[in-house]
*Asks:* 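Below is the structure I would like to discuss, written out as structure tokens.
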Amino acid sequence: MYGTSEIVDAVDAAAPVDAERTAFRRTEKLYKLYKTQAPKSWKNQAHRKADLSGVIDFHSVLESFKQCGATPAGIFKYECRGFNRPVFCFEERPGFYFIHGALTDDEQVHWIRESLISFPQPPNRTNHTEAYGPIFGLFDAVQNNKVLVEAKSTSSEVDCILGYDKTNLNSKRFSFSEYCMIKNNDESYKSVAASLLLRKLRWSTLGLQFDWSKRNYAVSLPHKRMPDDLCLVAKKMAVPAMPNGEEFQPEAAIVNYFGPSDMLGGHLDDMEKDWSKPIVSISLGCKAIFLLGGKSREDMPIAMFLRSGDIVLMAGEARACFHGVPRIFTDSEHADNVDLLSQFSNEADLCFREYIRTSRININIRQVN
Ligand SMILES: O=C(O)CCC(=O)C(=O)O
Ligand SMILES: [Fe+2]
């Protein structure tokens, strides 16, 4: 990847002065979440209101297309034989496809659960792997108010309490434990609440593991195959962007987890060999603004809303276009997640509901070779 490709907290993040000179950066600034220079006492209400009138809303585009068969200038409805969902494209950005409402509510619920329960499980790596080694059962630990504990002592008693795997002496010694153990804590433990780890979860990688430090796919890292059901969705959704009716071959995915003030800076995804193959990118949870730039950061980006259940494809020329997510919406006026939240109304689903109420998840699936 090239550019600011990791999710960062956008609030008050100071941009380097010359970085603000590009059209992409200026547009990011228009939409990203700022605290104004308000007195501290205003803290929670002090988010500047962005003007959203220039953001394309494909929900409205589809509604007016249904009514009068017309689309706004520069946008057309793409007809793909055998593909029964509405797909829109931009005349100026060939290779970019917007599939509005691609996933049903049930499918969205399924992928949110998978993103929180299964996808961060080892051998898949997450942004926490470097600091803590492989962590098993993060979401279960959140539901049970557990904490991640490090054993400094080498006593067999601690090994036993932590379920430490002696067969893997290189792995770091962190494991989830009950709160009560920590109350009787002594210096031999270092601990962090599972709920905090979940809040700070930024990415997990599926299939071939992406090595962020070397910025390539590390074939030698242990990995599982991509989940079959996710491959099926990706193959089905990739159809409008596949050259000559070929079948998309999903080999890797990056799952991005966005908290309320997180953003993903403008970047290119350029580590895959064949750019004629699409990246299939699934949105879940809170609504976001997606910026689709051009091949230069100086090209004026197109801003559009991404809602839970929308899927975008970036293939061919669009693979060379800078893109990013300057903003997610967590306030009830804009988040657009009421229907989704109602799917998590059981007592047992409280943790999912609380998480997704103020978060966005993006699963982007790639053919690497
Ligand atoms: O979150 C999104 O919609 C885009 C994610 C993305 O561009 C990436 O992970 O490379
Ligand atoms: Fe990307």
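What you see below is based on every heavy atom in this structure, not just the backbone, and it leaves out hydrogens, waters and symmetry mates. Each ligand, and each atom within it, is numbered from 1 in the order the structure gives.
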*Asks:* List for me each residue that meets salt bridge (charged side-chain N to carboxylate O under 4.0 Å, His left out) alongside Glu317, sequence neighbours excluded, and say none if there are none.
*Replies:* Lys295
*Asks:* Look at Glu272 together with Lys277 and state whether they make a salt bridge at an N to O cut-off of under 4.0 Å.
*Replies:* no
*Asks:* Please list, in number order, the atoms of ligand 1 under 4.0 Å from a heavy atom of His323.
*Replies:* 7 (O)
*Asks:* Taking only heavy atoms of Asn256, which atoms of ligand 1 are found under 4.0 Å from at least one of them?
*Replies:* 5 (C), 8 (C), 9 (O)
*Asks:* Within a distance under 4.0 Å of any heavy atom of Asp269, pick out the atoms of ligand 1 and give their elements.
*Replies:* 10 (O)
*Asks:* Answer with side chain, backbone, both or neither: which part of Leu264 has a heavy atom less than 4.0 angstrom from an atom of ligand 1?
*Replies:* side chain
*Asks:* Hey, could you give me the NE2/NZ distance between His128 and Lys200, rounded to the nearest 0.5 Å?
*Replies:* 8.5 Å
*Asks:* N/O of Ser283 under 3.5 Å from N/O of ligand 1, yes or no?
*Replies:* no
*Asks:* What do you get for the angle at the Fe ion (ligand 2) between OD2 on Asp269 and NE2 on His267, to the nearest 10 degrees?
*Replies:* 110°
*Asks:* Indicate, as side chain, backbone, both or neither, the part of Met263 found under 4.0 angstrom from ligand 1 when only non-hydrogen atoms are considered.
*Replies:* neither
*Asks:* With sequence neighbours left out, write down each residue that passes side-chain hydrogen bond (donor to acceptor under 3.5 Å, both in side chains) with Arg199, or none if nothing qualifies.
*Replies:* none
*Asks:* Treating Gln367 as the side-chain partner and Asp274 as the backbone partner, does any N or O pair qualify as donor plus acceptor under 3.5 Å?
*Replies:* no
*Asks:* In terms of atom number and element, which parts of ligand 1 are under 4.0 angstrom from non-hydrogen atoms of Arg360?
*Replies:* 1 (O), 2 (C), 3 (O)
*Asks:* Show which atoms of ligand 1 fall inside a sub-4.0 Å distance from at least one heavy-atom site of His267.
*Replies:* 6 (C), 7 (O), 8 (C), 10 (O)
*Asks:* In terms of hydrophobic clustering (I, L, V, M, F, W, Y; side-chain heavy atoms under 4.5 Å; direct or indirect links), are Trp111 and Leu341 co-clustered?
*Replies:* yes
*Asks:* Applying the 4.5 Å side-chain criterion to the ILVMFWY set and letting contacts propagate, would Phe136 and Tyr257 be lumped into a single cluster?
*Replies:* no
*Asks:* Is the distance from the ring center of Phe88 to that of Phe98 below 6.0 Å?
*Replies:* no
*Asks:* If you count the atoms of ligand 1 from 1 in the order shown, which ones are under 4.0 Å from a heavy atom of Leu306?
*Replies:* 3 (O)
*Asks:* Identify, by atom number and element, the atoms of ligand 1 in contact range of Phe258, meaning under 4.0 Å from any of its heavy atoms.
*Replies:* 1 (O)
